[in-house]
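What follows is a single structure, written as structure tokens, with notes after it.
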Amino acid sequence: MAASAAPCYLGWDFSTQQLKVIAIDEQLRVIYEDNIHFDKDLPEFGTHCGIHVHSDKLTVTSPVLMWVKALDMILEKMKSSGFNFSHVRAFSGAGQQHGSVYWKEGASQILNNLSPDLPLHQLLKRFTGNQIAKIYSQNPEVYAQTERISVVSSFAASLFLSAYAPIDYCDGSGMNLLQICDKIWSTACLNACAPGLEEKLGPVVPSSSVLGSVSPYYIQRYGFSPDCKVVAFTGDNPASLAGMKLEEGDIAISLGTSDTLFLWIKEPTPALEGHVFCNPVDSQAYMALLCFKNGSLIRERIRDDCASGSWGEFSKALKCTVVGNDGNLGFYFDVIEITPEAVGIHRFNRDNNKVPDFPKEVEIRALIEGQFMAKRIHAEKLGYKIMPRTRILATGGASYNKEILQVLSDVFSAPVYTIDTANSACLGCAYRAIHGLVAETSVSLVEVVKLAPEPRLVVTPTAGANQTGEIEAQRLKKLPKVIQSVSSRDLPAPSEKICRA
């Protein structure tokens, strides 16, 4: 679908498996969207799920030239469809987090001298904290020849500027190298990784910064307006926060294969579990991210074991058991959990004694209440506070089950809404592009996106659930430490994503 003559805004998402783009008009309506799937559309790069896993089974890389060629392809598709690039006023984008890109000496000159007669991937032949340390340790000559180190988001922005783009506060904080309160690089962390690192990383900038105008290459090859602005790119998770339109006090919960929480926090208390970032849409706030590996797969297993494989029977069990489950608690880790590092099934009766099993209906409620209580406890450890205006925005497969959402509402003592977050990172970047043009005048993102669709209220807390939740939370703190964390020697080494340009 071609864009109309009215101004529009683009959002890009350089994700692990795809490059996606969305265009919205000034009424925030989606007028164009497309994607390039790396494995399917670019088979010459030989990726599986967009990556290469190395022989050590630990190092994971993505071919940087693949991203560049995908950008060429999607721009050509847009051009062929009749999309009028001259109407784009601004755009922003997101990149998969925790990947690093290394530009060799002389790369900036190549960027500054791109010929519009050739696709970008023919012009750029290719040469986070712990990754940089590994490069310096194992390949010091490569590090010495590195002119600039980007994260995936700033790398993508650099392509559009034809110059090195700065890293934004939010994605920079995801590198574990930024002082998130002062918003400057941490000298101690930089020195622990490699010498001369601050110069190679360059400056950090607010996430709403306008980095400049799109480069002449795109003006001449695709017809972008010389006035089209590039707003700082950020990480994919922060971009999703913008796409979900989170506000202070809100929680977004994605209930999928893994369960993920996005939290808006004013006064964070960073811990060894979870992640705290600078907020991508409010420079005075923070964003926290918690990921739980035991999500839908354990819910499906308990459904099969206790509800004959039927979600209908599963929901009936939740409806016929009471809030608080008569004091029966359960924690279910079929695989080693991320938050916390624990494994195994742990059941407790109302007297805090460990028991081997529960009746089927009790097991089902114990699973769901235990999953959500763990999320609330870990969110509060990072500084999250439930407020009178708190909303829970739910997405993902389990968000279609009203009874599961009722338990979520009861545990957090807050209403639960559902949102359609298809391509939320892309959409968030399009919103951020509009916001970037007015951010310096203190206009908030909330004001910018007021025309966007509102989430749908599904459930509110059951009467008395708040008191029950508080009692159970206090009880959890007194439980004996029988849920043993797995020792570090038993854990697989963390995989690393090292991307070199």
Please find the pair of heavy atoms, one from [X] and one from [Y], that lie closest to each other, and give the distance.
{"X": "L457", "Y": "P415", "result": "CD1-CB, 3.8 Å"}
{"X": "T390", "Y": "Y384", "result": "CG2-OH, 3.1 Å"}
{"X": "L241", "Y": "P280", "result": "CD2-CG, 3.9 Å"}
{"X": "P340", "Y": "H378", "result": "CD-NE2, 3.7 Å"}
{"X": "Y417", "Y": "P455", "result": "CB-CB, 3.7 Å"}
{"X": "P203", "Y": "P166", "result": "O-CB, 3.6 Å"}

[atom2] on [Y] to [atom1] on [X], rounded to 0.5 Å:
{"X": "W12", "Y": "C426", "atom1": "CH2", "atom2": "SG", "result": "8.5 Å"}
{"X": "Q406", "Y": "E403", "atom1": "CD", "atom2": "CD", "result": "8.5 Å"}
{"X": "L197", "Y": "L177", "atom1": "CG", "atom2": "CG", "result": "6.5 Å"}
{"X": "K402", "Y": "L318", "atom1": "NZ", "atom2": "CG", "result": "13.5 Å"}
{"X": "L178", "Y": "C170", "atom1": "CG", "atom2": "SG", "result": "10.0 Å"}
{"X": "N352", "Y": "R350", "atom1": "CG", "atom2": "CZ", "result": "11.0 Å"}

Requested in this report: Starting from the C-alpha separation in whole Å, work towards a yes-or-no answer on side chain to side chain contact (heavy atoms under 4.5 Å, CB included) for T47 and M66.
Outcome: CA-CA 9 Å; T47 57; M66 176 181 72; 3.7 Å; yes

Can you find a heavy atom in the side chain of [X] that is under 4.5 Å from one in the side chain of [Y]?
{"X": "V448", "Y": "V438", "answer": "yes"}
{"X": "L297", "Y": "D334", "answer": "no"}
{"X": "D13", "Y": "D236", "answer": "yes"}
{"X": "I253", "Y": "L393", "answer": "no"}
{"X": "M175", "Y": "C189", "answer": "no"}
{"X": "K20", "Y": "I22", "answer": "no"}
{"X": "S15", "Y": "Q96", "answer": "no"}
{"X": "Y102", "Y": "I135", "answer": "yes"}

Requested in this report: Determine the sole option in N401, D259, N294 for which the side-chain hydrogen bond (donor to acceptor under 3.5 Å, both in side chains) test with R299 is passed.
Outcome: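 Filter result, single survivor: D259.
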
Residues, nucleotides or ligands: over 12 heavy atoms within 6.0 Å of [X] [atom1]:
{"X": "F45", "atom1": "CZ", "value": "yes"}
{"X": "L272", "atom1": "CG", "value": "no"}
{"X": "E267", "atom1": "CD", "value": "no"}
{"X": "K316", "atom1": "NZ", "value": "no"}
{"X": "E440", "atom1": "CD", "value": "no"}

Query raised in the report: F372: what forms a ring-ring contact (aromatic ring centres under 6.0 Å, His included) with it, not counting sequence neighbours?
Result: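 None.
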
Quick one: do the [X] and [Y] side chains pair a donor with an acceptor below 3.5 Å?
{"X": "T260", "Y": "S254", "result": "no"}
{"X": "Y332", "Y": "E337", "result": "no"}
{"X": "S444", "Y": "D282", "result": "no"}
{"X": "Q97", "Y": "D171", "result": "yes"}

**Report entry** Parallel, tilted or perpendicular: ring planes of H275 versus F277, cut at 30 and 60 degrees
**Finding:**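 Rings of H275 and F277: parallel, as their planes differ by under 30°.
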
Report task. Please state whether the rings of F91 and F233 are parallel, tilted or perpendicular, taking 30° and 60° as the class boundaries. Result ->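 Answer is perpendicular, since the angle exceeds 60°.
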
Query raised in the report: Are K360 and E363 close enough for a salt bridge, meaning some N to O gap below 4.0 Å?
Result: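 No, K360 and E363 are not salt-bridged.
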
**Report entry** Salt bridge R365-E361, side-chain N to carboxylate O under 4.0 Å
**Finding:**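 Here R365 does not pair with E361 in a salt bridge, since their nearest N and O are not under 4.0 Å apart.
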
**Report entry** CA sep, side-chain torsions, deciding dist, call: I434, L28, side chain to side chain contact (heavy atoms under 4.5 Å, CB included)
**Finding:** CA-CA 10 Å; I434 302 174; L28 308 186; 3.6 Å; yes

Counting distance only, does the side-chain N/O of [X] pair as donor-acceptor with the main-chain N or O of [Y] below 3.5 Å?
{"X": "N349", "Y": "N353", "answer": "yes"}
{"X": "S153", "Y": "A94", "answer": "no"}
{"X": "D304", "Y": "R301", "answer": "no"}
{"X": "R432", "Y": "S207", "answer": "yes"}
{"X": "T418", "Y": "A394", "answer": "no"}
{"X": "H435", "Y": "V443", "answer": "yes"}
{"X": "D410", "Y": "T462", "answer": "yes"}
{"X": "K200", "Y": "Y143", "answer": "yes"}
{"X": "T269", "Y": "K381", "answer": "yes"}
{"X": "D182", "Y": "I184", "answer": "no"}

Report task. Walk me through it: do S62 and H52 pass the test side-chain hydrogen bond (donor to acceptor under 3.5 Å, both in side chains)? Result -> CA-CA 6 Å; S62 296; H52 292 146; over 6 Å; no

Report task. Test salt bridge (charged side-chain N to carboxylate O under 4.0 Å, His left out) on E248 and R389 and set out the steps. Result -> CA-CA 9 Å; E248 184 181 351; R389 62 175 180 271; 3.4 Å; yes

Query raised in the report: Passes side chain to side chain contact (heavy atoms under 4.5 Å, CB included), I167 versus F155? Steps please.
Result: CA-CA 9 Å; I167 296 170; F155 165 80; over 6 Å; no

Query raised in the report: Honestly, is K375 close enough over F292, meaning NZ or CZ under 6.0 Å from the six-membered ring centre and within 45° of the axis?
Result: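 Judged by the rule, K375 and F292 form a cation-pi pair.
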
Report task. Under the side-chain contact (heavy atoms from CB on, under 4.5 Å) rule, collect the residues that match up with E454, sequence neighbours excluded. Result ->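 With neighbours one apart ignored, the set is K245, R391.
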
**Report entry** side chain to side chain contact (heavy atoms under 4.5 Å, CB included) between I298 and Q371, worked out
**Finding:** CA-CA 10 Å; I298 182 67; Q371 285 188 323; 3.4 Å; yes

**Report entry** With sequence neighbours excluded, residues passing salt bridge (charged side-chain N to carboxylate O under 4.0 Å, His left out) with E198
**Finding:**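 Not a single residue meets the salt bridge (charged side-chain N to carboxylate O under 4.0 Å, His left out) criterion with E198.
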
